[in-house]
Number of protein chains: 2
Amino acid sequence: MNPGSPGGLDKRKAYILATVVYEYIATAEPVASQTLTQKYHLGVSSATVRNELADLEAGGYLVQPHTSAGRIPSDAGYRTFVDQLMQPETLQAADRRRIRDELRDASRELDEVIENATRLLGRLSKNLAFATKPSNDAQTFRHLQLIWLSARTGMAIVVTSMGVASQSLFELAADVGPDELTRLSNALNSRLGNKMLRDIRESDVAAAVDELGLAGEFKTVIMTALRSARSGEQSTLAASGAQNLLDQPEFQDARKLRSILNIVEEQKTLYDLVADSMTAEAPEVKIGHELGVDEMQDFSIVTVPYRFGESAIGMLSVLGPRRMPYARLMALASGTAETLSARLSDAEIK
Amino acid sequence: MNPGSPGGLDKRKAYILATVVYEYIATAEPVASQTLTQKYHLGVSSATVRNELADLEAGGYLVQPHTSAGRIPSDAGYRTFVDQLMQPETLQAADRRRIRDELRDASRELDEVIENATRLLGRLSKNLAFATKPSNDAQTFRHLQLIWLSARTGMAIVVTSMGVASQSLFELAADVGPDELTRLSNALNSRLGNKMLRDIRESDVAAAVDELGLAGEFKTVIMTALRSARSGEQSTLAASGAQNLLDQPEFQDARKLRSILNIVEEQKTLYDLVADSMTAEAPEVKIGHELGVDEMQDFSIVTVPYRFGESAIGMLSVLGPRRMPYARLMALASGTAETLSARLSDAEIK
DNA sequence: TCTTAGCAATCGCGGGCTAGGAGTGCTAGG
DNA sequence: CCTAGCACTCCTAGCCCGCGATTGCTAAGA
């Protein structure tokens, strides 16, 4: 072993491993020693390659489906490939433009922008794309509007810097006029302006209500509206492109897909899987067993956070077979997330 | 042939056809003459049944996958079964209660209520459920609120009787104060109140703006807001339960699913397929080729409209294999649509 | 005329077998 | 350390064949 080389592998082993992974990703067939010598000019014979392959298998980077078959990468093999061997990709100008164009025309509504980005990523990556929607917790309060609908009913609308966060209907025990609602709205706006949603305290609200001499029930109404604004969307996902997985030869058998679709529908598991990538700078990759979910042994996920202003507010991910083109998907996910972030910042309510 | 009997079939043929369809739906296996005489007391021998089956096949109600197999229903066979032979089902009290409970707790937001109903129907039916979201065109205008965000920006929110319909940000060429926006909101509300969205004319808006001596650009802002309120959601679908289809033995082969998932993702085709059921009173069923889409030969759809007040505003559908339990799915779809309609009316903003 | 028992005929399906081939690991010599 | 050569392994596809399921037909009986 040569300790200075990537993964403790000498140069030739590293190159052979990279080639096996690359080839397997492209063909979905176990890779034979002869295939390697024929398609790539290694400068050595297939017998030598066989010896190297045997070493790589002993090192845990490759596995053999059966004795008379070629090698396929193990999770560790993919991991080494992703971390140290593969050539990172950057997006073609065409892709980059396409992402920008498709996201530009879309609605300005937060939800729809994110859903569009997810759909786009699903299509471009030809895999299943999903995104966590941002919790509104860390958003900045911009405006609260109480709308008079009838003497005892109204609607409270909370606007954050990312757009409308929530609306909630309320009912009152005593009659109220439109003017009172307007005055209360104004009082609240001057008190709460530019706070983060999570930093708003009941006392702030109470002060405004009391100042105007309004009924105590308003406090509940407003706190409810604020609370629903905070919790809105929390831990829900947008997903798109499940049918792409049907094209992969390894999922021709419907049973394997069944469990993955359940997991996607359920959302919670997926959410947990990517939650810890929120603080990451670069795209994060989880491969097979690294996901820690039995049913997902055959899958990998690429995750990259998207931002609003400075801080990460959600994750954009691609889910596909372990045998996925990692470099390309990382580039696509990054590019989409970047454009999405820019798009969100453009739409900010200042 | 006995012209007085259902579908021109005599009583025994009708009963045998019904039994074949019923049995095939339950087992997914071609039905043999002996199975019929053993599991159902027909009072005749299997040889007689064979003669009847041959007649039914000649009449186009049944087909034989190959000579030494039992019969399976043709589209015409299913059609006769649905229209004339099957025993309609009504929901068990337990199901009814479950639907009510699950829809009651859900959010009051229109979108979410519909999505919940779709998810619920997907789960109960163990098939793919989908719903068209209502166009806001026929909704009643309740309130328009212009929210001041900064001297030259604001947000317009249109509230209809079904909840918030839309929000749109606007930018102005000249400064404006919060009070002016409030006054304009009030003027518009008194003029537009209780009109249907589609009946609101530019002249109504212009009159309010001019009356207050405000800049002409407000007309554009408000018309844009109203237009986006009208067109919102149009022809989009909610769908849920695609993975249920994977459980059906006939879709173990992934290829068949591929096309259907594409169609669901695309939405447009599905939308067109159910659009003409909007005026229907009872659940409508389309079977196999009746759908008019090659890729959907093996599927059937049950569709039932849901209402807001008097008028139908959208459709709730179940998509599954032709071999679906029609009576049960019709009952489930009806029940869900009914509860959904009631739920929407409860949430009406009066 | 309708029903039915009996029976030959059909055809799909699964098991078992085999030949072919792909690919390896090992050995021995350069 | 590399590599040609070769025996060995094991999967795969194809084939055959027999079984079983089911039918349609025939002829006799109600």
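Convention: sequence-line order gives letters A, B, ...; per-chain numbering from 1.
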What residues 46-54 of chain A contributes to the DNA chain D interface at heavy-atom separation below 4.0 Å is A:A47, A:T48, A:R50, A:N51
Could you pull out all residues at least two apart from [X] that satisfy side chain to side chain contact (heavy atoms under 4.5 Å, CB included)?
{"X": "A:V63", "answer": "A:I72, A:S74"}
{"X": "A:D276", "answer": "A:K286"}
{"X": "B:A28", "answer": "B:P249, B:R323"}

Not counting sequence neighbours, list each pair that qualifies as a salt bridge (Lys or Arg N to Asp or Glu O under 4.0 Å) and has a residue in residues 77-87 of chain A. A:R79-A:D83, A:R79-A:E290
Residue pairs fulfilling salt bridge (Lys or Arg N to Asp or Glu O under 4.0 Å) with at least one residue in residues 25-35 of chain B, sequence neighbours excluded: none
Those residues at least two apart in sequence (or on a different chain) that pass side-chain hydrogen bond (donor to acceptor under 3.5 Å, both in side chains) with A:S277 are A:E284
Nucleotide range of DNA chain C contacted by chain B, 5' to 3', under 4.0 Å to a heavy atom? C:dT3 to C:dG12
If you look at every strand shown and take non-hydrogen atoms under 4.0 Å, does B:Q64 touch a base, only sugar-phosphate, or nothing? sugar-phosphate
Side-chain touch B:T118/B:L316, heavy atoms, less than 4.5 angstrom: yes
Whole angstrom is fine here: how far is it from CD in B:E57 over to P in D:dT22? 15 Å
In whole angstrom, give the distance that lies between atom CG of A:L42 and atom P of D:dC2. 12 Å
Sub-3.5 Å pairs of nitrogen or oxygen atoms, protein against nucleotides 12-16 of chain D:
none

So, is B:R71 close to the D:dG24 phosphate, meaning a side-chain N or O under 4.0 Å from OP1 or OP2? yes
What I want to check is whether the side chains of A:E52 and A:S33 have a donor and an acceptor closer together than 3.5 Å. no
Restricting to nitrogen or oxygen on both sides, can you table the protein-nucleotides 17-21 of chain D pairs closer than 3.5 Å?
none

Side-chain donor-acceptor contacts of residues 296-303 of chain A below 3.5 Å, not counting sequence neighbours, with atom names and distances?
from	atom 1	to	atom 2	distance (Å)
A:D298	OD2	A:K256	NZ	3.3
A:S300	OG	A:Y326	OH	2.8
A:T303	OG1	A:S317	OG	3.2

Who are the salt bridge (Lys or Arg N to Asp or Glu O under 4.0 Å) partners of A:R258, not counting sequence neighbours? B:D247
